[in-house]
> 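Sending over a structure as C-alpha cells; questions will come in a sec.
Nothing fancy with the numbering, it's 1 onward along the sequence.
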Amino acid sequence: MRLWTIIPGFCLAAALAGVTSGQEKAQTFKFQFGPGKVEPGVTQVGSTNAYTKELGYGFDVGSKAGDQPFFFSVAAPEGNYNVKITLGDVKDEATTTVRAESRRLMLEAVQTKPGQFETRTITVNVRNSRLPGGGQVKLKDRELKGSFGGPVLHWDDKLTLEFAGAGPRVYAFEIAKGDDAVTVYLAGDSTVTDQPKGAFYSWGQILPRFFKPGGVAIANHAESGEATTSFIGARRLDKVLSTMKKGDYLFVQFGHNDQNQKRDVAVYKQTLKRYVTESRKRDAIPVLLTPMRRRTFDGAGKSTNSLGDYPESVRQLAKEEKVFLIDLHEMSKDFYEALGPTNSKQAFVDNTHTNDYGAYEFARYIAESIKNSDLGLAKQVVNDLPPANFKGPR
C-alpha cells in the first residue's frame with residue numbers, strides 16, 4: 001500500500017484516482033488531529049486549516065476544530081471509500097457521532113474515557129452529478145443551494161465528515177479507496193433522501209449505521225418531490241446505472257408523489273418494473289419497498305391507508321418478478337398504532353416526513369428485514385442490531 005504525505009498544493013483527488021506502475025493500488029491518506037509524534041505519510045491538521053480546492057482538505061462548512069458539530073472535507077473523485085477513524089482524547093471524555101456527506105449516520109454515540117481511543121471503519125459513497133459521455137443529473141435548486149449557503153454535500157467532489165455529539169473528539173483518520181464494497185443504491189422521494197437540514201430526517205440517511213464496517217456503501221440518490229417517472233426524466237436512474245456493478249443492490253421506494261401527480265397505478269407499476277429490469281441487466285439485485293404510510297388515523301385510532309392501490313401494486317410486482325419486498329406500508333401501520341394518534345407525532349416533522357426518531361425506526365426495520373432475508377447483503381448487517389422502539393424517543 002502506497003502512502004502519501006499531504007502538503008499544501010498537493011492534489012488529493014488526482015492521487016486517489018491515480019495508478020502506480022500500471023496497476024491500480026489503494027492509496028491511503030492519513031490525518032492526525034491530536035498532539036503527539038507525527039509518523040511519515042501523516043498530515044497533522046491545525047485548527048485553522050480551512051478547506052480549499054488548492055489544499056484539497058480542511059475544515060469545511062464554516063466550521064473549525066472545537067465546534068459542535070465540525071466538518072472536515074477531503075477532495076475525492078466519485079467512488080466508495082473506507083475511512084478508519086480513531087476517536088477519543090488524551091484528557092477529556094467524549095461522546096462522538098459521525099455522519100458523512102449530507103448527514104448520513106455512520107457511527108452513533110461512540111463513548112470514550114480520558115486517554116481511551118476507539119478505532120472504527122466506515123464506508124462512504126462519494127458522487128457528482130456528471131454522466132459518462134456528457135450531460136448530468138438535472139439538480140433542483142434545493143440541491144444546488146443547500147442549507148449552508150453552498151451545494152448540498154452529496155453532489156460535490158469531496159468526502160465530507162461531520163463530527164457531532166456531546167464533546168466530539170477525533171484523534172486521527174485515514175482514507176483509502178473501497179472499490180470492493182457492495183454499493184446499495186437508493187431510489188426514492190423525500191421520505192428516503194438525505195435530508196440536509198433541520199428536523200427532517202429520512203430512513204435512507206440512517207441506514208448506513210446498521211451495516212458492518214468496510215463492506216457496504218449506501219449511495220442515496222433519492223430526492224424530494226421525485227416520482228417513478230420524474231426520477232428517470234431527471235437522469236437520476238441513468239446516474240445510478242452508470243456506476244452500478246455486479247453484486248450491487250437497488251432499493252426502490254416511490255408512491256407519495258406518483259399519487260400526488262395522479263399517475264395511473266398501472267403506469268406506476270410498469271415504471272417500477274423498469275427499475276427492476278435495468279438493475280438486473282447489470283447483474284445487480286433489485287429490492288422493492290412499499291411506500292410508508294402517512295400519519296393518518298380513523299376515529300378508532302387505527303392507521304388508515306392514504307396511498308390507495310399503490311402499495312398493493314408494489315407487492316404484486318415483487319411477486320411477479322420474484323423480487324425481495326420490504327413492506328414499509330405494513331410496518332408503518334404497526335408503528336403508528338403502537339404509538340397512537342397523539343404520541344405518533346413524536347416521530348414526525350409533519351404527517352409525511354419523519355424526524356430522527358422516526359427515520360431511525362424505519363431504517364432499523366429495513367436492516368432487520370435484510371438480516372432475516374436470503375439476500376447476500378444479510379451477512380453485512382451489524383450483529384448488535386438494536387430492538388424496535390415503538391414507545392417514543394429515548
> Please identify each residue that fulfils ring-ring contact (aromatic ring centres under 6.0 Å, His included) with F210, with sequence neighbours left out.
Y360
> Tell me whether E162 is salt-bridged to R103, with the criterion being a basic N under 4.0 Å from an acidic carboxylate O.
no
> Under a 4.0 Å N-O cut-off, is there an ion pair linking R263 with D258?
yes
> Give, for atom CD of Q195 and atom CG of N220, the distance between the pair rounded to the nearest 0.5 Å.
9.5 Å
> Y268: which other cluster members, linking ILVMFWY side chains closer than 4.5 Å, directly or transitively?
Y185, F231, I232, L237, V240, L241, M244, L250, V252, F254, V265, L272, Y275, V276, L288, Y310, V314, L317, V323, L325
> With side-chain hydrogen bond (donor to acceptor under 3.5 Å, both in side chains) as the test, pick out the partner of E320 among K269, K273, R315.
K269
> What residue pairs, at least two apart or across chains, pass side chain to side chain donor-acceptor pair (under 3.5 Å) with a residue in residues 368-384?
R364-E368
> Under a 4.0 Å threshold between the charged nitrogen and the carboxylate oxygen, would R120 count as salt-bridged to E118?
yes
> What residues, two or more places apart in sequence or in another chain, satisfy salt bridge (Lys or Arg N to Asp or Glu O under 4.0 Å) together with D180?
none
> Under the side-chain hydrogen bond (donor to acceptor under 3.5 Å, both in side chains) test against S73, which residue among D157, D156, D60 passes?
D60
> Would one find more than 12 heavy atoms of other residues, nucleotides or ligands at under 6.0 Å from atom CZ of R274?
no
> Salt-bridged, E143 to K140, with N to O below 4.0 Å?
no
> If the condition is salt bridge (Lys or Arg N to Asp or Glu O under 4.0 Å), which residues does E101 pass it with, not counting sequence neighbours?
none
> Could you tell me if the side chain of T123 sits less than 4.5 Å from the side chain of V216, heavy atoms only?
no
> May I have all residue pairs that pass salt bridge (Lys or Arg N to Asp or Glu O under 4.0 Å) and include part of residues 71-88, sequence neighbours excluded?
E78-K239
> Ignoring hydrogens and angles, tell me if any N or O in the side chain of D67 forms a donor-acceptor pair with the backbone of F70 under 3.5 Å.
no
> Is the Y365 to F335 ring centre distance short of 6.0 Å?
no
> Which residues, ordered by chain and number, are linked to Y51 in its hydrophobic cluster, where ILVMFWY side chains connect at heavy-atom gaps below 4.5 Å, directly or through other members?
none
> Please confirm whether the backbone N or O of K113 pairs with a side-chain atom of Q116, one donor and one acceptor, at under 3.5 Å?
yes
> Keeping T52 on the side-chain end and L55 on the backbone end, is there a donor-acceptor pair under 3.5 Å?
yes
> Suppose we screen for ring-ring contact (aromatic ring centres under 6.0 Å, His included). Which residues come up paired with F348, at least two apart in sequence or across chains?
Y336
> Do H329 and N305 meet the criterion of a side-chain donor-acceptor pair at a distance under 3.5 Å?
yes
> Taking side chain as C-beta onward, heavy atoms only, is D194 less than 4.5 Å from R104?
yes
> Take a 6.0 Å sphere around CG of D309 and say whether it holds more than 12 heavy atoms from other residues, nucleotides or ligands.
no
> Does N389 offer a backbone N or O that forms a donor-acceptor pair with the side chain of Y357 under 3.5 Å?
yes
> Can you sort out the partners of K245 under salt bridge (Lys or Arg N to Asp or Glu O under 4.0 Å), two or more places apart, ordered by chain and number?
D248
> Of all residues at least two apart in sequence or in a different chain, which pass the side-chain hydrogen bond (donor to acceptor under 3.5 Å, both in side chains) check with R235?
D238
> If we ignore hydrogens and angles and just use 3.5 Å, is the side chain of N257 paired with the main-chain N or O of E226 as donor and acceptor?
yes
> How are the rings of F163 and F173 set to each other: parallel, tilted or perpendicular (split at 30° and 60°)?
tilted
> So, using salt bridge (Lys or Arg N to Asp or Glu O under 4.0 Å) as the criterion, who are the partners of E337 when residues are at least two apart?
K333
> Which pairs pass side chain to side chain donor-acceptor pair (under 3.5 Å) with one or both residues in residues 347-356, sequence neighbours excluded?
S190-H353, R295-N351, D350-H353
> Taking the basic N atoms (NZ, or NE/NH1/NH2) and the acidic carboxylate oxygens, is any pair closer than 4.0 Å for K91 and D89?
no
